[in-house]
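One structure is given below, encoded as structure tokens.
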Amino acid sequence: MSLQQIERPFLLGRDPEEPGFAAGLARSAPAAAGAFLSRYGVLLGFLALWQIASSAGWINAAVFPPLNTIVAALWDGLAGGALLDDIAISLQRSGTAFVAAVLVAIPLGLFMGQVRAVERALDPILQVFRQTSALALYPVFILLLGLGEASKIFVIFWATLFPLLLNTIGGVKEVDKRLIEMARVYGASRLTVFRRVVLPGSVPSIFVGLRLSATTALLLLIASEMIGANKGVGFQVMNAQYNFQIPLMFAAILLLAALGLIANYALVLLQRRLCRWSEAIG
């Protein structure tokens, strides 16, 4: 018997013409369907209930239109190009603020996490700013920066800064001190300790902050575009509500939810790629 024949039964991908392949597929299908339903069954049930209740008149279809009407409005907006322009403008605003928060929060958090004197000095004012709602400060930003793009980007930046900053500081402080001491015993310099021990150890917590900040950026994007804007997905939500275009309003809300899910999924994939070592340890 050849080595290829020995290894073949243990391969993940099996030949569809192999005897027993169809039976194995039939046995695995119910398990896969059960796993899918256990994860997404409640969501699918909710969507089905919405569709049936709206179509049957159990709820007011003018306020909660059927899902097929919402999807049709979403498709019309995307095919016509109107929503595509709104998506581009909204992503530009939130993306600029998010990148600015990353460039400020991560270096500052890494520095504060290692230099305790700086953390003690800055922590009180950071806690005050963190507890102050960005929406409450939005009128102040408008007075300082006007109703243009600057105030919209800055309010998103302000809200996304603190989750990322505090998670970065916490990630640095949670690095195992024994690893740092061991590295120093073996003669590693401060830069080497930071690059080989502190930074990798804080990456999982930094990604938690990135995911929180990405979600916050989209939430604040809606609020910022509802005031003094004439483009963007958030503006489209308010404009559709004012004109009683309820299917289009829900389509824009659905679009914002999809953008949030895509951003979160992308960050999760990036975290898994960069933090394989943490999964191996766990």
Side-chain angles (χ1 to χ4, degrees), residues 39-40 43 87 89-114 118-119 122-138 140-141 151-176 198-226 232-234 237 252-279 281-282:
R39 181 170 179 82
Y40 299 106
L43 176 60
I87 292 172
I89 292 173
S90 295
L91 289 179
Q92 181 181 359
R93 288 168 178 160
S94 59
T96 301
F98 181 73
V99 170
V102 169
L103 294 177
V104 173
I106 292 181
L108 181 59
L110 292 173
F111 179 70
M112 291 179 62
Q114 288 194 287
V118 176
E119 184 198 358
L122 295 181
D123 184 68
I125 191 170
L126 289 177
Q127 294 298 334
V128 171
F129 286 156
R130 183 174 74 92
Q131 299 299 331
T132 305
S133 171
L135 293 178
L137 293 174
Y138 193 25
V140 179
F141 299 150
S151 61
K152 294 176 179 57
I153 293 174
F154 195 80
V155 71
I156 300 171
F157 164 79
W158 185 269
T160 55
L161 176 68
F162 297 104
L164 182 54
L165 176 60
L166 295 177
N167 274 278
T168 303
I169 295 172
V172 174
K173 295 170 69 174
E174 289 173 2
V175 175
D176 194 339
V198 175
L199 185 58
S202 58
V203 164
S205 184
I206 290 174
F207 268 99
V208 173
L210 286 171
R211 293 169 63 184
L212 290 173
S213 295
T215 302
T216 304
L218 289 174
L219 293 175
L220 266 293
L221 172 69
I222 303 171
S224 66
E225 289 182 341
M226 288 180 176
V233 182
V237 173
I253 294 172
L254 181 63
L255 188 57
L256 284 168
L259 291 175
L261 289 173
I262 291 171
N264 183 73
Y265 186 68
L267 288 171
V268 168
L269 289 180
L270 184 60
Q271 180 180 1
R272 288 176 180 173
R273 187 175 184 84
L274 295 179
C275 303
R276 292 175 180 174
W277 56 268
S278 63
E279 296 179 1
I281 293 175

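These numbers come from the heavy atoms of this one structure, side chains and all, not from hydrogens, waters or symmetry mates. In this text the structure is predicted, and so the values were computed from the model without any measurement.
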- Task: Say whether, by atom type as modelled, one donor and one acceptor occur between the side chain of Thr168 and the main chain of Ile206 under 3.5 angstrom.
- Result: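 No; zero donor-acceptor contacts below 3.5 Å.
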- What orientation do Phe154 and Phe141 show, parallel under 30°, tilted 30 to 60°, or perpendicular over 60°?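 Ring orientation of Phe154 relative to Phe141: perpendicular.
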Could you give the distance from [atom1] ([X]) to [atom2] ([Y]), rounded to the nearest 0.5 Å?
{"X": "Leu261", "Y": "Thr215", "atom1": "CG", "atom2": "OG1", "answer": "9.0 Å"}
{"X": "Ile253", "Y": "Ile222", "atom1": "CD1", "atom2": "CD1", "answer": "8.0 Å"}
{"X": "Arg211", "Y": "Leu270", "atom1": "CZ", "atom2": "CG", "answer": "11.5 Å"}
{"X": "Leu108", "Y": "Ile169", "atom1": "CG", "atom2": "CD1", "answer": "6.5 Å"}
{"X": "Leu259", "Y": "Leu254", "atom1": "CG", "atom2": "CG", "answer": "9.5 Å"}
{"X": "Met112", "Y": "Leu126", "atom1": "CE", "atom2": "CG", "answer": "5.0 Å"}

- side chain to side chain contact (heavy atoms under 4.5 Å, CB included) between Val198 and Val172: does it pass, once the steps are laid out? CA-CA 6 Å; Val198 175; Val172 174; 3.9 Å; yes
Specify the closest pair of heavy atoms between [X] and [Y], including all atoms of both residues, with the distance to one decimal.
{"X": "Leu212", "Y": "Pro163", "result": "CB-CB, 4.1 Å"}
{"X": "Trp158", "Y": "Phe162", "result": "O-CD1, 3.2 Å"}
{"X": "Leu267", "Y": "Ala214", "result": "CD1-CB, 3.9 Å"}
{"X": "Ala252", "Y": "Val237", "result": "CB-CG2, 3.5 Å"}
{"X": "Leu110", "Y": "Ser202", "result": "CD2-OG, 3.9 Å"}
{"X": "Leu220", "Y": "Ala134", "result": "CD1-CB, 4.1 Å"}

- How about Leu161 and Phe129: do any of their side-chain heavy atoms sit closer than 4.5 Å?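 A side-chain contact is absent here, since even the closest heavy-atom pair is not under 4.5 Å.
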- Quick one: do Leu210 and Phe98 satisfy side chain to side chain contact (heavy atoms under 4.5 Å, CB included)? Show the steps, please. CA-CA 9 Å; Leu210 286 171; Phe98 181 73; 3.8 Å; yes
- If you count the non-hydrogen atoms of other residues, nucleotides and ligands that lie under 6.0 Å from CD in Gln127, is the total more than 12?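 Check passes, neighbour count above 12.
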- Message: Heavy-atom count check: over 12 atoms from other residues, nucleotides or ligands less than 6.0 Å from Ile125 CD1?
- Response: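 No, the 6.0 Å shell around CD1 holds no more than 12 heavy atoms from other groups.
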- Query: With no hydrogens and no angle check, do the side chains of Ser90 and Glu225 hold a donor and an acceptor under 3.5 Å apart?
  - Reply: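 Judged by distance alone, the side chains do pair up.
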- Message: Could you go through Ile156 and Thr160, starting from their C-alpha distance and side-chain angles, then the distance that decides it, and tell me whether this counts as side chain to side chain contact (heavy atoms under 4.5 Å, CB included)?
- Response: CA-CA 6 Å; Ile156 300 171; Thr160 55; 4.2 Å; yes
